[in-house]
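Notes follow the structure.
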There are 2 protein chains.
Amino acid sequence: MKTSKQSILRLFQYRDFLIRLKNINTVNVFSDNLAKDIGTTSIQVRKDFSLFRLSGNKKAGYKVSNLLKQLDELLGKNKKQKVVIVGAGNIGKALMQYDGFYKEGLEIAALFDYDRRKYNHKNNPPVLPIEDLFKFVSSNNVKIGIIAVPCKAAQQVLDLMISAGIKGAMNFAPIPLKSPKNFYINNINLRVELESVVYYTQM
Amino acid sequence: MKTSKQSILRLFQYRDFLIRLKNINTVNVFSDNLAKDIGTTSIQVRKDFSLFRLSGNKKAGYKVSNLLKQLDELLGKNKKQKVVIVGAGNIGKALMQYDGFYKEGLEIAALFDYDRRKYNHKNNPPVLPIEDLFKFVSSNNVKIGIIAVPCKAAQQVLDLMISAGIKGAMNFAPIPLKSPKNFYINNINLRVELESVVYYTQM
DNA sequence: TAGATTGTTAATCGATTAACAATC
DNA sequence: TAGATTGTTAATCGATTAACAATC
């Protein structure tokens, strides 16, 4: 109960806003400013902070740099994290080039694919054959994977990741995958997300 | 209360599974099968169905084709929906080529971009100049948009969409956007999603 | 019938919101 | 001081889970 999934997600969003504030040299911020930005209420903001023992000053709000430092610590943003992507198709490439991963401590260490024509050892990050995944992951101590392959290959890729020592994954294949309890998987089903937009606009 | 966001999302997932079942000619399905597939409980499945007046047969479960037909009706899957994408970068192109949109009644009618070099009227869907968005959307009666542009252009694109008559959007720009109350916006922040995977694997 | 399954009502759980005391 | 803000405790709300009746 103490730490809910949703408040963690909001902490990341607050952090985003704080970074923007810091860039324009803002020193203080009120819970109400934070709330407005991410589209919630100031009560929710203070509640979230309360859960994680983040405190400000009555009347003066929160110090941007101080709060940011605490959030970085709390969210483990001080360590660099290596990530591998399996599937060098459109989604894989989009993520490879996604701005802002790197400065957030997320390093796309390599892409992997089944298709030989896509291999490119010289690229940064390199595009490697799927056979190299196991060795790469274990020798580079990678803990995070992204699955961007077609449905029929997804479970196989996940199993390979797990056996290689990966502990959490983001999955774009629109099919539920089986994983052990201690493995964290974040399913992103873009089709369902789009379908739900359609549904809500029709109501 | 009657219709919760989460149960709607699950209805789409049940539907996915039912389509797969239909393809392998399965006739009947139990709530427990549905639950296993999407990773929930049979109680939840029956509760969801109960909310939407979907019923089966005691002992015999649900008829796949019948249930599918009812879900299609409920979720408005019988009408084709046109969608426009603004931003012909990696994410835009990934979505353009995303398998399965079309057969789900989602038609990517056109992409729009600010960059002249990306224009391609001959492509299917065509890649058009952003100046054409307003006219295209209103004359084709498009109700759904996808925002796949950098942060600094996102709000401007959304405003343009709204003025052209779009009613709901999926937004990939990692920044909160302002929209009127009757406009539905689904924010997909891939960086935050990935960061949360990192967070949970570290615990 | 006995066993298995649906479907609804009630109970629980968790997250959000409200109320308000503390204090700068 | 008065006004504005934080931070915690209590109340509400919504979603999930449990219990159980109905019935094939």
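Here is how names work: the chains are called A, B, and so on, in the same order as the sequence lines, proteins then strands, and each is numbered from 1.
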- prompt: Should F49(A) and L34(A) count as side-chain neighbours, where that means a heavy-atom distance under 4.5 Å?
  reply: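 Answer yes - side chains close enough.
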Between CD on residue E195(B) and CZ on residue R15(A), distance to nearest 0.5 Å: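 Output value for this atom pair is 6.0 Å.
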message: With a cut-off of less than 4.0 Å, is there a side-chain N or O of Q44(B) near OP1 or OP2 of dT16(D)?
response: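 So the side-chain polar atoms of Q44(B) do come within 4.0 Å of the phosphate oxygens OP1 or OP2 of dT16(D), strictly under.
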R46(B) side-chain N/O to dG7(C) phosphate OP1/OP2 under 4.0 Å: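 Looking at the OP1 and OP2 atoms of dG7(C), neither is under 4.0 Å from any side-chain N or O of R46(B).
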task: Map T41(A) and S55(B) onto DNA chain C by nearest heavy atom, then report which one ends up closer to the 5' terminus.
output: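 Nearest-nucleotide comparison on DNA chain C picks S55(B).
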Shortest side-chain distance from [X], nucleotide among [options]:
X      : options                  : value
S50(A) : dT8(D), dT16(D), dT16(C) : dT8(D)
I43(B) : dT16(C), dT6(D), dA18(D) : dA18(D)
Y62(A) : dT6(D), dA18(D), dA15(D) : dT6(D)
Q6(B)  : dT16(C), dT16(D), dT6(C) : dT16(D)

Length of the [atom1]-[atom2] vector between [X] and [N], whole Å:
X      : N       : atom1 : atom2 : answer
R53(B) : dT6(C)  : CZ    : P     : 18 Å
L67(A) : dT6(D)  : CG    : C1'   : 13 Å
F30(A) : dT6(D)  : CZ    : P     : 7 Å
I38(A) : dT16(C) : CD1   : P     : 10 Å
K47(B) : dA10(C) : NZ    : P     : 10 Å
L51(A) : dT6(D)  : CG    : P     : 16 Å
N33(B) : dA4(C)  : CG    : P     : 15 Å
L34(A) : dG7(D)  : CG    : P     : 12 Å

- prompt: Heavy atoms under 4.0 Å, any strand shown: does F49(B) hit a base, just sugar-phosphate, or nothing?
  reply: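 Nothing, no nucleic acid heavy atom in range.
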- prompt: Which part of the nucleic acid, if any, lies within contact of S31(A), taking any heavy atom under 4.0 Å across all strands shown: a base, the sugar-phosphate backbone alone, or nothing?
  reply: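 Result for S31(A) = sugar-phosphate.
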Assess, by modelled atom type and distance only, whether the side chains of [X] and [Y] contain a donor and an acceptor separated by less than 3.5 Å.
X       : Y       : result
D159(B) : Q155(B) : yes
D48(A)  : Y14(A)  : yes
K118(B) : N120(B) : no
K59(A)  : N57(A)  : no

field: Who pairs with dT12(D) - Watson-Crick or G-U, where each distance is under 3.5 Å
entry: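 Its partner is dA15(C) (Watson-Crick or G-U wobble, both distances under 3.5 Å).
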message: Can you tell me the base-pairing partner of dA22(C)? Count Watson-Crick or G-U wobble geometry only, both distances below 3.5 Å, and say none if there is no partner.
response: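 Result: dT5(D).
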- prompt: Got a donor-acceptor pair under 3.5 Å from the side chain of K58(A) to the base of dT6(D)?
  reply: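 Pair found.
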query: Counting only distance, no hydrogens or angles, is the base of dT5(D) paired donor-acceptor with the side chain of K59(A) under 3.5 Å?
result: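 It does not, because no donor-acceptor pair links the side chain of K59(A) to the base of dT5(D) below 3.5 Å.
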